[in-house]
Structures are given as C-alpha cells and as structure tokens.
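A short worksheet on the structure shown next.
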Amino acid sequence: MIKQRIKEAVEKAVKTVFGEIPLPQFEIETPRKGSFGDYATNIAFVLKKSLDLPPLEIAEKLVQELYKERNLFEKVEVAKPGFINFWVSTRYYLENLLKVIEEKDNYGRINLGKGKKVLIEFVSANPTGPLHIGHGRGAAYGDSLARVLEFTGYSVIREYYINDKGTQMDILGESVYLRAKELKGEKINFPEDFYKGAYIYDIAKKVLADYPNLLELEKKEAIAICREIAIKTILEDIKSDLERFRVVYDSWYSEKSLYEKGKVDALINLLKQKGLVYEKEGALWFRSSDFGDEKDRVLIRSNGEYTYFAGDIAYHHEKFVDRGFDLAINLWGADHHGYVKRLKGALKALGLNPENLEVILIQMVNLIEGGELKSMSTRQGEFVELKELLDEVGVDATRFIFLSRSSDSPLDFDIDLAKKQSQENPVYYVQYAHARICSIFEKATEQGLGEINWREVDFSLLSSEEEIALAKKIEEFKEVIESAGKFYAPYKLTYYLLDLAKQFHEFYTKHRVLSEDISLTLARLGLCLGCKIVLKNGLNLLGVNSPEKM
RNA sequence: GCGCCCGUAGCUCAAUCGGAUAGAGCAUUGGACUACGAAUCCAAAGGUUGCAGGUUCGAGUCCUGCCGGGCGCGCCA
C-alpha cells in the first residue's frame with residue numbers, strides 16, 4: 001500500500017537527517033484538498049519537542065532528503081505550519097490498474113486480522129415475533145461487518161443467540177394458549193402485557209391443528225406445547241427472512257442449551273469460589289459494582305429462576321474460554337447500552353480481558369411514511385416487518401440504506417424514498433455505474449475486443465484529469481477497506497462507493513471509451529474494468545448485488 | 001436525579017483514533033443527449049459546526065459547564 005511506502009520513506013529520511021532519534025507516532029494522511037497533494041504527514045510537528053526546532057525547519061530538511069525518491073513522488077513540498085505534502089507519481093496509480101485486473105475479487109484484501117478468530121453475534125431477536133425494521137439494521141450491519149472482517153484477514157463466525165428461555169417465552173406460550181381458547185369460542189381476558197400481534201393467531205391455529213385436544217390437556221402442559229411450537233415457528237420465520245435478506249448464520253446458539261449443558265451452574269460455582277457472589281433477600285447477587293458497574297446484579301432470583309444476565313455471563317465465558325475466540329463482537333440495539341458495563345465487569349471478574357469484547361451499539365431506526373414518523377412496539381403488534389420492507393423496497397436498496405449511516409447515528413428510513421427507483425435513491429447510482437461499464441464491455445466484445453492481454457496495455461496513455469482521478473480513487477479502495485475493518489465500520493464503504501461511482505460517471509461523460517485509437521481504447525477499457533472490479537467487490541461487502549443490466 | 005449516544009448548509013448525513021480553506025446527496029436556480037445506458041453530467045447558491053470557557057503549533061473532534069433531542073436506569077430480556 002502506498003501509505004506504508006510513504007511512511008517508510010519518511011522514517012528513512014528522519015534517520016538520514018537527524019540520526020537515531022526516538023520516533024513518535026506520526027500519520028500519513030490524505031488531505032481534504034487536492035492542492036495539498038495526495039498525501040501529507042505531520043512528522044515535523046511530532047518531532048518538534050524532541051528536536052527543539054521549528055516545524056517548518058524540520059520539514060524543509062526532510063523534504064531535501066525525500067525529494068530523492070523520484071520514482072515514487074512527482075513532487076514533495078513543505079506547506080505553511082510544517083506539513084509535508086506528497087504528490088505521488090501518476091505512474092503508480094496507473095500501474096495499479098493491472099494489479100486490480102489480475103487480483104479481481106481479491107483486490108483490496110488485506111491481512112489486518114492475522115487470522116484472529118472472531119465471533120460476531122447480531123440480531124439475536126427474541127423469538128417472540130417476526131423481525132421488524134430495527135432488526136433489519138442490525139442484520140445488515142452485522143452481516144456486512146462480517147464480510148469486511150473476512151476480507152481483512154479475520155476468521156469469522158456469525159452467530160445468532162436464541163433467547164429461548166425465561167419469562168418472555170412463558171408469556172409467549174400463554175399468549176398462544178389464550179388465542180387458541182378464543183379460536184375455540186371461549187371468552188378470554190387477554191392481558192395488557194401479552195403478545196398481541198396477528199401472528200399469534202396463526203400459531204394458535206397451527207397448534208390446534210397438531211393438537212386438536214389441546215384444551216383438554218392440563219393447562220401447564222398445554223402452555224408448554226404452545227410455547228415450543230411458537231418458538232419453533234417464529235424462529236423458522238426469522239431464519240427465512242434473514243436468508244432472504246442475504247444474511248446466513250454459521251451458528252444458532254440456544255440459551256436453553258447453556259443450562260442443559262450445566263454451563264450456567266458451573267459458572268455460578270466458579271463465581272462462588274472466587275467469592276464474587278452473596279445472598280441477600282433470598283436472591284443470589286453478583287458483586288458487579290466491584291468491577292465498574294453502578295450496582296450489584298441478581299443472578300438467581302428469589303423464586304429460584306436465573307436471570308438473563310446469569311446465562312449471558314456463562315455464554316460469554318464460553319465464547320472465550322471453551323470456544324477459543326480472540327474477539328467477540330456484539331451488536332446490540334442502543335437501548336441496551338446500560339448492559340455493557342455489567343457484562344464487561346463480569347468478564348473482568350472472571351479474569352478475562354474486557355477489551356476482547358467489542359459491543360457495537362446501533363441506534364434506533366425511525367420509520368417515515370408519508371412524511372410521518374411511525375412508532376413501533378413488538379408487544380402491541382405495531383411495527384413494520386422486515387418482510388414487508390423487502391417486498392416493497394427490495395433487498396439491495398434496503399441494505400444500502402441501512403449501511404449508509406454510522407451506527408452512532410439514528411436512521412430515518414423514509415420508505416417512500418426507498419421505493420423510488422430514481423436518482424434520489426443512491427443505491428442505483430452505484431449500481432448504474434456498474435451496469436454502464438458492463439454495457440461498454442458488451443459493445444467492445446461486439447467490436448471484436450473480446451480477449452485482451454492486459455499486460456500489454458499501455459496505461460500511461462491515460463492522462464486526463466478525470467482518468468487520473470478515477471485511477472486514484474480505485475487505488476484508495478485498499479485504504480477504505482483498512483479503515484472499515486479497523487473501525488468496524490462498513491458504512492465507510494458505502495460513502496466510498498458513491499464517490500467512486502461519481503468519479504466514474506464524470507469520466508464517462510467526458511471521455512469516450514471505444515474509439516478509433518486502439519491503444520487508448522484498451523487503456524480506457526482497463527480503467528473501466530478496474531473500476532468495475534472495485535465496485536463489485538465493494539458492493540459485495542455490503543451484500544448488495546452488482547447488476548449487469550438495470 | 002444518574003449514565004450512554006447525538007446536535008455540522010433548508011433537509012438527510014460525511015469529515016481518516018487533534019490537522020491545513022468543514023465536504024457530499026437531496027431540495028432550489030440555470031445549463032448539457034445526431035456516438036459506448038440522461039437512473040448521467042456541468043455550474044450557481046447555501047455555514048459563527050447548539051452556547052460559553054479551557055487545553056496547544058492546530059479543536060467539528062479532547063476537557064469543564066450550560067441548552068436541546070433520543071435511549072436507558074428491574075429479582076425483564
């Protein structure tokens with residue numbers, strides 16, 4: 001990567017000019033303005049203290065040395081307060097095109113993770129109802145992040161943690177049971193905090209079909225049947241929605257199985273041995289306040305039931321200790337932020353490094369329809385299902401929109417805008433660039449340019465502003481990948497792709513690819529092919545298709 | 001009351017773990033199709049980065065205090 005090469009050149013120059021001095025952290029960055037070159041470094045500011053010289057003077061001395069790197073730089077300059085600006089030889093960007101063409105799908109792949117084993121747990125919605133729009137954001141983000149991490153050298157497992165145990169499941173079972181009674185003509189009193197969605201009726205019908213004598217069974221047994229069938233049915237529905245959304249998990253992990261394997265009891269015993277729990281008012285408490293939490297938390301309630309927290313500690317303990325993951329990434333809705341300290345505290349208490357758990361909090365999704373904000377609640381059955389979104393908007397546009405914001409930023413999902421297959425919808429802007437390039441190649445093939453030996457193409461014929469800018473943008477892909485991987489931020493790719501597409505459209509409008517001049521035609525086709533490859537690789541990391549025709 | 005996140009152009013958002021003159025898209029206004037796809041391009045206009053201090057070569061970014069919004073604060077998950 002060019003950045004790395006510049007960094008090495010700077011380090012070498014420092015050594016030559018100032019001898020062996022301690023070298024603090026410094027940056028090679030891309031300036032916002034083109035007039036400051038392709039890259040810049042703050043090395044002079046960083047060395048100011050130890051050398052006790054004005055930054056400008058340090059920079060000037062270094063530039064004299066750096067200027068010798070003629071093959072790499074076209075120009076090296078000192079700017080105002082003490083920046084050093086680099087203009088990279090355009091030859092570098094043009095030669096890179098051949099690399100892109102040869103590496104194809106693998107162009108941009110880097111080894112940031114060095115094979116580290118990472119578990120990404122996301123969505124993990126309770127199986128108490130269908131996925132809605134908010135889950136969709138987590139699904140898109142988690143899956144895309146997984147793709148990015150795979151691309152940056154991690155060994156990734158995608159996992160869905162199934163909360164198939166506890167109070168909510170009981171309520172779910174009872175909700176179905178009551179609806180079954182109602183369907184059989186009994187008058188029922190449906191409690192306020194039960195699940196009210198229409199899908200509960202569907203499940204009740206299904207239960208009655210499988211167990212016609214359900215209501216004659218003992219109530220406890222009947223509810224248990226309702227609960228099991230409900231969980232299974234809902235989970236299947238969730239799974240099929242996710243698959244349709246191009247989200248495929250490696251592992252579906254049952255909370256209940258943790259108990260059946262005795263993991264939770266083993267963990268509680270471990271905490272007891274370490275003296276980290278105590279009994280109070282009939283409940284078992286964990287001393288989480290000793291580990292950064294605001295207060296102590298209950299593990300076993302006074303009625304003997306385990307809390308969700310107890311299972312979750314065991315779950316995470318197992319992730320690191322038994323399953324050997326180096327890194328666990330959890331994607332949670334931002335409404336769970338209060339839970340982070342608690343869980344990290346538990347890891348600390350167990351002697352595990354809390355930094356190996358990365359919790360990404362994803363802000364809420366606001367649904368806008370007809371310019372109006374719609375509120376959502378699973379219990380009330382008032383929500384837009386992911387299914388509905390996929391029917392109306394489509395997978396590509398939905399994913400692209402979900403991936404167009406930082407996780408810190410709440411997302412307004414304007415369903416009317418998302419449905420529009422027009423310029424207002426940015427996903428098509430990127431896809432259109434890809435389709436346009438495919439169309440050029442189709443034409444090229446018709447004209448007998450089917451097989452091209454790219455090694456013989458003279459890329460130095462590309463000399464216009466738009467051509468160079470596009471080649472540079474293509475080269476930048478590697479940096480974007482690095483940044484997306486480093487910050488767990490797939491949305492950075494979305495912005496990049498819009499930028500790349502823009503650069504392509506500009507080039508396309510100004511220059512004709514297929515012309516009488518065969519050498520130039522081939523060079524421009526190479527530029528287009530490089531762009532196409534990067535568009536496709538990028539879209540692929542977002543889980544969005546790259547259509548050849550639209 | 002306490003904690004977390006956010007506040008940037010009319011709207012929706014960027015800004016590379018502190019970098020230079022804060023950028024895009026949409027909307028608005030004006031322009032560009034007899035050649036590879038106009039789902040495109042070009043141009044104009046749009047800002048005291050919520051407010052007030054502080055830290056330093058340098059602050060949208062870090063610290064403190066306010067103001068405004070969202071979300072949490074259970075022996076729920």
Side-chain angles (χ1 to χ4, degrees), chain A residues 25 27-33 35-36 40-42 44-45 48 54-56 79-83 85 124 126 128 163 165-169 171 193 255 280-285 294-295 297-303 305-309 311-312 333-341 361 363-364 366 404-412 414 417 420-429 431-433 435-444 446-447 479-480 482-483 486-487 489 491-492 494-495 498-499 501-502 504-506 508-515 521 524-525 528 549-550:
Chain A
Q25 262 313 100
E27 299 297 326
I28 305 294
E29 54 205 14
T30 66
R32 296 202 268 231
K33 286 270 175 187
S35 58
F36 293 127
T41 181
N42 61 348
F45 300 107
K48 189 188 76 160
L56 217 55
K80 257 192 327 194
F83 289 100
N85 297 334
S124 298
N126 286 355
T128 54
N163 308 132
K165 192 185 171 303
T167 320
Q168 296 309 316
M169 290 307 108
I171 292 174
D193 59 346
E255 179 186 6
K280 192 177 91 185
E281 291 159 10
L284 189 73
W285 296 70
E294 285 135 28
K295 51 179 282 198
R297 307 287 176 177
V298 170
L299 295 175
I300 303 178
R301 295 189 257 160
S302 51
N303 66 2
E305 301 240 3
Y306 293 81
T307 59
Y308 178 82
F309 185 41
D312 216 19
D335 51 340
H336 288 76
H337 64 78
Y339 194 76
V340 178
K341 268 187 188 169
L361 297 169
Q363 294 294 325
M364 320 228 41
N366 301 311
S404 63
R405 296 276 180 280
S406 147
S407 56
D408 285 336
S409 191
L411 188 145
D412 287 337
D414 186 330
L417 191 146
K420 281 190 194 155
Q421 302 214 344
S422 72
Q423 49 171 356
E424 290 165 81
N425 201 335
V427 64
Y428 302 116
Y429 184 82
Q431 289 184 324
Y432 183 58
R436 259 185 161 176
I437 296 173
C438 291
S439 177
I440 296 172
F441 274 94
E442 201 176 333
K443 209 87 179 186
E446 280 172 22
Q447 295 181 7
E479 278 163 37
V480 177
E482 185 182 23
S483 164
K486 204 162 152 188
F487 297 104
Y491 71 91
K492 286 177 187 287
T494 311
Y495 284 98
L498 286 166
D499 241 27
K502 185 184 172 60
F504 171 76
H505 288 309
E506 274 178 40
Y508 180 90
T509 317
K510 262 221 167 126
H511 305 280
R512 200 181 151 74
V513 177
L514 305 173
S515 69
T521 296
R524 285 184 176 161
L525 276 173
C528 288
K549 290 195 189 312
M550 294 173 64

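Since we're looking at a predicted model, the values are computed, not measured. Throughout, protein chains are lettered first and strands after them, A, B, ... in sequence-line order, and every chain is numbered starting at 1.
A:S439 has a side-chain polar atom (N or O) that falls below the 4.0 Å cut-off from OP1 or OP2 of B:rG37. Between A:K502 and B:rG25, a side-chain N or O to OP1/OP2 separation shorter than 4.0 Å is present. In terms of phosphate contacts, A:R405 brings no side-chain nitrogen or oxygen within less than 4.0 Å of OP1 or OP2 of B:rG25. At the phosphate of B:rG74, neither OP1 nor OP2 sits under 4.0 Å from any side-chain N or O atom of A:R297. Contact check, A:Y429 against B:rC41: a side-chain N or O comes under 4.0 Å of OP1 or OP2. Under 4.0 angstrom from either OP1 or OP2 of B:rG74 there lies no side-chain N or O belonging to A:R301. A sub-4.0 Å separation between OP1 or OP2 of B:rA39 and a side-chain N or O of A:Y428 is absent.
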Which atoms of nucleotides 17-23 of chain B (N or O only) lie under 3.5 Å from a protein N or O atom, and what are those distances?
unit_1, atom_1, unit_2, atom_2, d
B:rA20, OP1, A:R32, NH2, 2.9
B:rA20, OP2, A:R32, NE, 3.1
B:rA20, OP2, A:R32, NH2, 2.9
B:rA20, N6, A:N85, OD1, 2.7
B:rA20, N1, A:N85, OD1, 3.0
B:rA20, N1, A:N85, ND2, 3.2

For nucleotides 1-5 of chain B, tabulate all protein N/O to nucleotide N/O atom pairs closer than 3.5 Å, reporting atom names and distance.
unit_1, atom_1, unit_2, atom_2, d
B:rG3, N2, A:H337, NE2, 2.5
B:rC5, O2', A:Q363, NE2, 3.3
B:rC5, O2', A:D408, O, 3.3

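No engagement by A:K510 is indicated, since no non-hydrogen atom pair under 4.0 Å with the nucleic acid exists. The residue A:S483 sits apart from the nucleic acid: no heavy atom pair falls under 4.0 Å. A:R512 comes within 4.0 angstrom of a base, heavy atoms only. Among the atoms of the strands shown, none is found under 4.0 Å from any heavy atom of A:E482.
Each of A:H511 and A:A283 lies near RNA chain B, and the nucleotide nearest A:H511 is the one positioned closer to the 5' end. Mapping A:A435 and A:M364 onto RNA chain B via the closest heavy atom, the residue that lands nearer the 5' end is A:A435.
The aromatic rings of A:Y491 and A:Y495 lie perpendicular to each other, with more than 60° between the two planes, well past the 30° mark. Below 30°, between 30° and 60°, or above 60°: for A:F83 and A:F45 the angle between ring planes is above 60°, a perpendicular geometry.
Taking the C1' atoms as reference points, B:rG18 lies 11 Å from B:rG60, given to the whole Å. If you take atom P in B:rC5 and the same atom in B:rU64, they sit 12 Å apart, rounded to whole Å. Remark: the separation of the C1' atoms in B:rA44 and B:rA27 is 15 Å, to the nearest Å. Across the P atoms, B:rA24 and B:rC42 are found 11 Å apart, a figure rounded to whole Å. Taking atom C1' in both B:rA32 and B:rA9, the straight-line distance is 27 Å, to the nearest Å. For B:rU28 and B:rG65, the P atoms lie 44 Å apart once the distance is rounded to whole Å. If you take atom C1' in B:rU8 and the same atom in B:rC13, they sit 9 Å apart, rounded to whole Å. Nucleotides B:rG30 and B:rC67 have their P atoms positioned 46 Å apart, rounded to a whole Å.
Atom pair A:K443:NZ and B:rC36:P shows a separation of 6 Å (rounding to whole Å applied). A:N366 places its CG atom 12 Å from the C1' atom of B:rC6, with the value rounded to the nearest Å. Nucleotide B:rC36 holds its P atom 16 Å from the NE2 atom of A:H505, rounded to whole Å. Summarising the geometry, the separation between CD on A:E305 and C1' on B:rG74 is reported as 15 Å, rounded to the nearest angstrom. Counting to the nearest Å, the C1' atom of B:rC76 and the CG atom of A:D335 are 13 Å from each other. Atom C1' of nucleotide B:rC26 and atom CG of A:D412 are separated by 14 Å, given to the nearest angstrom. Between A:F504 atom CZ and B:rC41 atom C1' there is a gap of 12 Å when expressed in whole angstrom units. A straight line from CG of A:N425 to P of B:rA24 spans 21 Å, rounded to a whole angstrom.
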**Complete:** Pairs under 3.5 Å (Watson-Crick or G-U), crossing ones as [ ], inter-strand ones as |: RNA chain B comes out as (((((((..((((.....[...)))).(((((.......))))).....(((((..]....))))))))))))....

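For A:Y306 (side chain) and A:L299 (main-chain N/O), no donor-acceptor pair under 3.5 Å exists by modelled atom type. For the pair A:N126 (side chain) and A:N163 (backbone), a donor-acceptor distance under 3.5 Å is absent. A donor-acceptor distance shorter than 3.5 angstrom exists from the side chain of A:T307 to the backbone of A:V298, with no hydrogens or angles considered. Side-chain N or O atoms of A:R405 include none that pairs as donor or acceptor with a backbone N or O of A:P410 at under 3.5 Å. Side chain of A:T509 to main chain of A:H505: a donor-acceptor pair is present (N/O by atom type, distance under 3.5 Å, no hydrogens or angles). Formation of a donor-acceptor pair under 3.5 Å by the A:T521 side chain with backbone atoms of A:L514 is not found in this model.
Among the nucleotides B:rA38, B:rU12, B:rA15, the one closest to any side-chain atom of A:Y508 is B:rA38. Checked against B:rC75, B:rC36, B:rA38, the side chain of A:V513 finds its nearest nucleotide in B:rC36. Side-chain atoms of A:T30 lie closest to B:rU16 of the nucleotides B:rU16, B:rC41, B:rA77.
For the atom pair CD of A:E294 and NZ of A:K341, the computed distance is 5.0 Å after rounding to the nearest 0.5 Å.
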**Message:** Could you go through A:I437 and A:Y508, starting from their C-alpha distance and side-chain angles, then the distance that decides it, and tell me whether this counts as side chain to side chain contact (heavy atoms under 4.5 Å, CB included)?
**Reply:** CA-CA 9 Å; A:I437 296 173; A:Y508 180 90; over 6 Å; no

**Request:** Apply the test side chain to side chain contact (heavy atoms under 4.5 Å, CB included) to residues A:F441 and A:L525: give CA-CA distance (whole Å), side-chain angles for both, the deciding distance (0.1 Å), then the verdict.
**Result:** CA-CA 8 Å; A:F441 274 94; A:L525 276 173; 3.8 Å; yes

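The shortest non-hydrogen separation linking A:A40 to A:N85 is CB-OD1, 3.4 Å.
Using a 4.5 Å heavy-atom cutoff, the side chains of A:V513 and A:C528 are in contact.
Between the side chain of A:Q447 and the base of B:rC36 there is no donor-acceptor pair of N/O atoms closer than 3.5 Å.
A:E479 has no carboxylate O lying under 4.0 Å from a charged side-chain N of A:K492, or vice versa, which leaves the two without a salt bridge. Ion pairing between A:E506 and A:K502 holds under the 4.0 Å rule for side-chain N and carboxylate O.
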